[in-house]
Protein chains: 2
Amino acid sequence: MWPVTTPKNSGRRAHLVSLAGDLFAEKGFRATTVREIADAAGILSGSLYHHFDSKESIGDELLSAFLDDVLAGYREAATDTDPRAAIERIVRSSTATLSRHRAALTMLQNDWAYFSAQPRFGYLRTAMKEIEQTWVDQLTRGRETGLFRADLDPRLTYRLLRDILWIPTSWSQSKGAWTNDEIVDGLLRLLFDGITARP
Amino acid sequence: MWPVTTPKNSGRRAHLVSLAGDLFAEKGFRATTVREIADAAGILSGSLYHHFDSKESIGDELLSAFLDDVLAGYREAATDTDPRAAIERIVRSSTATLSRHRAALTMLQNDWAYFSAQPRFGYLRTAMKEIEQTWVDQLTRGRETGLFRADLDPRLTYRLLRDILWIPTSWSQSKGAWTNDEIVDGLLRLLFDGITARP
DNA sequence: GCGCGCCTGCCAAACGCTTGCTCGGGCGGA
DNA sequence: TCCGCCCGAGCAAGCGTTTGGCAGGCGCGC
């Protein structure tokens, strides 16, 4: 099937994907039109189809690159034998990865239903399952070794934490009020210790 | 100007708003078409304009009702003199309100940029400011009275917490794995104490 | 109690516009 | 001469919205 148009290793193509990603990150995938992407590149909308066979191909490229990156970080973090250290590595890895893939995150947040319903994007569900399993494993291990609270619900905690991690990326550049490090430190502190003062 | 079409106190109109809200909650505001709303009501798309002068009017009705509800809960919660109790009341009030207005939340999450850019929806920014102020006030009070950690950043913590609260509503009915009470209890526990076990 | 006007609720058929996408052709560098 | 890259023009489909009209019920004057 490939290359229908331009080979994937074209520099021009990668540049266009990057431009489209900026727009997707701001407005979401469906809300961004191919004409806007073309305008950003200084060409006409029809000319985009010399490089991609559809708008979804651009989204596919961004999403698959993102998930590959996320999973690589998770797999490495999961090698740590200490659950607390593993979770901290997962958090820091996630934050770093997300800041590199703001477009993909916005797409997943806004148009998850749209993508996950299509067979083409079936890898989204697969990847999500692995992400969940990684979290649940570490949380369960930490609970069983007495490191975490005994009444901790690993799956519920994962669901909360995963979505929490995705949040700061949305406002990472709107106001430069906090640096990435400040955010992740504040988050880790909240996660491990809560907001209550300890004597 | 009003009533251009049907009076606001019409029962039929309220029913249509409710139907549209269900669709908005699932697909977002912009992704839902007036034809889909009409189909759900068993009428033609044009007939909707006998009740509303635009699609945005339906959104307006849902959003303003939501924010009125949220602010009422926050104002009542803020009367508590104990910061920890006030925050717990804010959290519980938010959870209850959000479960009653899933459509509005989805609309704000997916199409915030779209709405907040329009003068018609200027009250969104106003309400958000009051919400932020309520959170920051309570967090600051708690920190100054030694109840919360001295190194707590009220604004950063607010930004995290506000978005965290909005999360569970998104998956409140996808899987009935947890009840609303379980979620809010888990959230409060996480918020106050973190995940670490205490001797 | 009957006709009349009015109101609510909806239909049928479009309108102007935007969407993602197609296709033949041209241009410049290798 | 080829090939990567783009133009110019346009298509079908879908979008929110408008318009004119019709059916039925309710109240009011006579």
Side-chain angles (χ1 to χ4, degrees), chain A residues 1-21 23-24 26-63 107 110-111 114-115 117-118 120-121, chain B residues 1-21 23-24 26-63 107 110-111 114-115 117-118 120-121:
Chain A
M1 176 180 281
W2 285 100
V4 169
T5 55
T6 299
K8 276 205 168 186
N9 52 12
S10 163
R12 178 64 172 158
R13 179 190 175 101
H15 182 232
L16 292 174
V17 170
S18 168
L19 284 178
L23 294 172
F24 293 159
E26 286 175 20
K27 313 182 50 177
F29 179 79
R30 300 177 75 173
T32 303
T33 70
V34 294
R35 283 173 176 81
E36 288 172 331
I37 302 172
D39 280 352
I43 61 177
L44 294 186
S45 66
S47 304
L48 278 177
Y49 289 80
H50 175 71
H51 303 273
F52 312 95
D53 60 348
S54 72
K55 177 185 172 185
E56 285 173 7
S57 291
I58 310 180
D60 199 343
E61 214 141 317
L62 289 162
L63 286 177
M107 292 163 66
N110 285 332
D111 304 302
Y114 172 76
F115 287 118
Q118 299 180 240
R120 168 175 198 169
F121 294 97
Chain B
M1 178 180 279
W2 285 100
V4 170
T5 55
T6 299
K8 277 204 168 187
N9 52 13
S10 162
R12 179 62 172 160
R13 180 190 174 99
H15 181 232
L16 292 175
V17 170
S18 168
L19 283 178
L23 294 172
F24 293 158
E26 287 175 19
K27 314 182 49 177
F29 179 78
R30 299 177 76 174
T32 303
T33 70
V34 294
R35 284 173 175 81
E36 288 172 331
I37 302 173
D39 280 351
I43 61 178
L44 293 187
S45 67
S47 305
L48 277 178
Y49 289 80
H50 175 73
H51 303 273
F52 313 94
D53 61 345
S54 73
K55 178 185 171 185
E56 285 174 7
S57 290
I58 310 180
D60 200 343
E61 215 141 317
L62 290 162
L63 286 177
M107 292 162 66
N110 285 333
D111 303 303
Y114 173 76
F115 286 117
Q118 300 181 239
R120 168 176 198 169
F121 294 97

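Only a predicted model underlies this, so the values are computations on that prediction, with no experimental measurement involved. First the proteins, then the strands, lettered A, B, ... as listed; each starts at 1.
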Measure [atom1]/[X] against [atom2]/[N] and give the value in whole Å, please.
X       : N      : atom1 : atom2 : answer
A:Leu16 : D:dG4  : CG    : P     : 15 Å
B:Asp53 : D:dT17 : CG    : P     : 8 Å
B:Arg12 : C:dC10 : CZ    : C1'   : 9 Å

Using heavy atoms and a sub-4.0 Å distance, could you list which residues of residues 34-47 of chain A are near DNA chain D? By number, please.
-> A:Arg35, A:Gly42, A:Ile43, A:Leu44, A:Ser47
C:dC21 OP1/OP2 closer than 4.0 Å to side-chain N/O of A:Tyr49 = yes
Listed by chain and number, what are the salt bridge (Lys or Arg N to Asp or Glu O under 4.0 Å) partners of B:Lys27, not counting sequence neighbours?
-> B:Glu36
Looking at residues at least two apart in the chain, or sitting in another chain, which of them share a side-chain hydrogen bond (donor to acceptor under 3.5 Å, both in side chains) with [X]?
X       : value
A:Ser54 : A:Ser57
B:Asp60 : B:Arg120, B:Tyr123
B:Glu56 : B:Tyr114, B:Gln118

Under 3.5 Å, side chain of B:Arg13 to main-chain N/O of B:His51, donor-acceptor pair present?
-> yes
Report, one pair per line, the protein and nucleotides 22-26 of chain D atoms (nitrogen or oxygen only) whose separation is under 3.5 Å.
none

Go through the structure and list residues passing ring-ring contact (aromatic ring centres under 6.0 Å, His included) with A:Phe29, not counting sequence neighbours.
-> A:Phe24, A:Phe115
The helix from C:dG1-D:dC30 to C:dA30-D:dT1: angle between terminal helix axes, five bp per end, to the nearest 10 degrees, reads 10°
Among D:dC6, C:dG9, D:dG16, the nucleotide that comes nearest once only the side chain of A:His50 is considered = D:dC6
Under the side-chain contact (heavy atoms from CB on, under 4.5 Å) rule, collect the residues that match up with B:Ala41, sequence neighbours excluded.
-> B:Arg12, B:Leu16, B:Leu19, B:Ile43
